[in-house]
Amino acid sequence: MGIAKKLKLYRIKTVLKYIPMSLKNSVKLAELSKQSRPVCFFNLLYWYYFYGFDFIDYCSFKFWELSAAERKSYISYRRNDVLRFRLSDPESYDIFLDKARFNEKFRKYIRRDWKLLSETDPLRDLNSFIAKHSQVILKPVSDFGGRGVIKLSDLSSEDEKREIFKDNDTRYIVEECIENNENLKKLAPGSLNTIRFVTLIDKTGELNVLISALRVGNGSSFMDNFQSEGLACAIDTQTGELRGKAYGIYCTEYASHPYSGIKFDGYKIEDFRKCFEFLKDLTKVVPGARYVGWDIAMTPWGIEVIEGNIPPGEYVTQIISGRGLWYEILEKI
């Protein structure tokens, strides 16, 4: 092994860029962990350099409460990339990265209408779609974490819509807005709340459901994404009941939903077990995708898939599981 690779010198440039951010984040971390700021700063650098844990990882998993051995058991964003390469072939990854290709491939499991906007006149296509559905969701084809997602309606101005495409070569798909069944709408009526399943096809070909979690909006956003300040709560796979508190990014915790006031622990998700048969079918569509985070919507008209994520976000996956999954997954693959 070359000396440069052994010492991981190729990461130095990245770490140098990370230093100013770590200085800033060490202030917040010192408040949360009750440790000194210098200790927090060097911890952030150490775990980022050697294992790829960024500030959100460090904070979300409450690393200051864990031993070094426990920290090493967690999946970092860097390790998530390792799993992506090992557990999905390039063709499968491309399908999941491109929302239009994903929707086309999984058309059988999608009830909502959708369209890939033309590159030459996306505004014309968007207006035509809005005229048909009144309320729509506009999504960049290749982005993730809710970035760039916009909700529009027939009341949106032409200037607002035109501004989206101004000096912008991003490709978009547009989808009709759908809603939850009454059971899930009660928690957060302003957002589409989805169930996140993380699945792994192991070395024997068996389907493993690593986690199931309900993702809900915070009451002020139409999105339930963790990065958009959405909340996530573990689901008991046997009973379909929510378990414990809901968690948000940067260590926020909620016993009850901040908007509806409904207590999370014990809240039952109706028809939850039906999702497992649905998952069995989903995971067979693209066999080369072995490690996926699925977002499933339960609507008045049934179950449908919203999107699949390769790799699944390490935040929700491990906050909900309450443990690091790195070694557990390696044993299965």
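All values below were derived from every heavy atom in this structure, side-chain atoms included, with hydrogens, water molecules and symmetry-related copies excluded.
- Aromatic ring centres of Y46 and F50: separated by under 6.0 Å.
- Taking OH of Y315 as the reference point, atom OG1 of T317 lies at 11.0 Å (rounded to 0.5 Å).
- Considering OG of S321 and CD of E314, their distance stands at 11.5 Å, rounded to 0.5 Å.
- Two rings, from F53 and F63, have their centers less than 6.0 Å apart.
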When the side chains of residues 234-241 are checked against the rest of the protein, which donor-acceptor pairs come out under 3.5 Å, sequence neighbours left out?
unit_1	atom_1	unit_2	atom_2	d
D236	OD1	Q238	N	2.9
D236	OD1	T239	N	3.2
T239	OG1	E241	N	3.2

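- To the nearest 0.5 Å, the span separating CZ on F85 from CG on D81 amounts to 5.5 Å.
- Taking CZ of R71 as the reference point, atom OG of S67 lies at 8.0 Å (rounded to 0.5 Å).
- Aromatic ring centres of Y109 and F278 lie closer together than 6.0 Å.
- Using a cut-off of 4.0 Å between Lys/Arg side-chain N and Asp/Glu carboxylate O, K245 and D265 are scored as not salt-bridged.
- Aromatic rings of F276 and F197 (six-membered ring for Trp) have centroids within the 6.0 Å cut-off, being under it.
- Checked against the 6.0 Å centroid criterion, the rings of Y172 and F165 qualify as a close aromatic pair.
- Here OH of Y49 is found 9.0 Å from CZ of R78. Values are rounded to the nearest 0.5 Å.
- Of all heavy-atom pairs spanning N181 and P300, the tightest one is N-CD, 3.8 Å.
- In this structure, W294 has its ring center closer than 6.0 angstrom to the ring center of F96.
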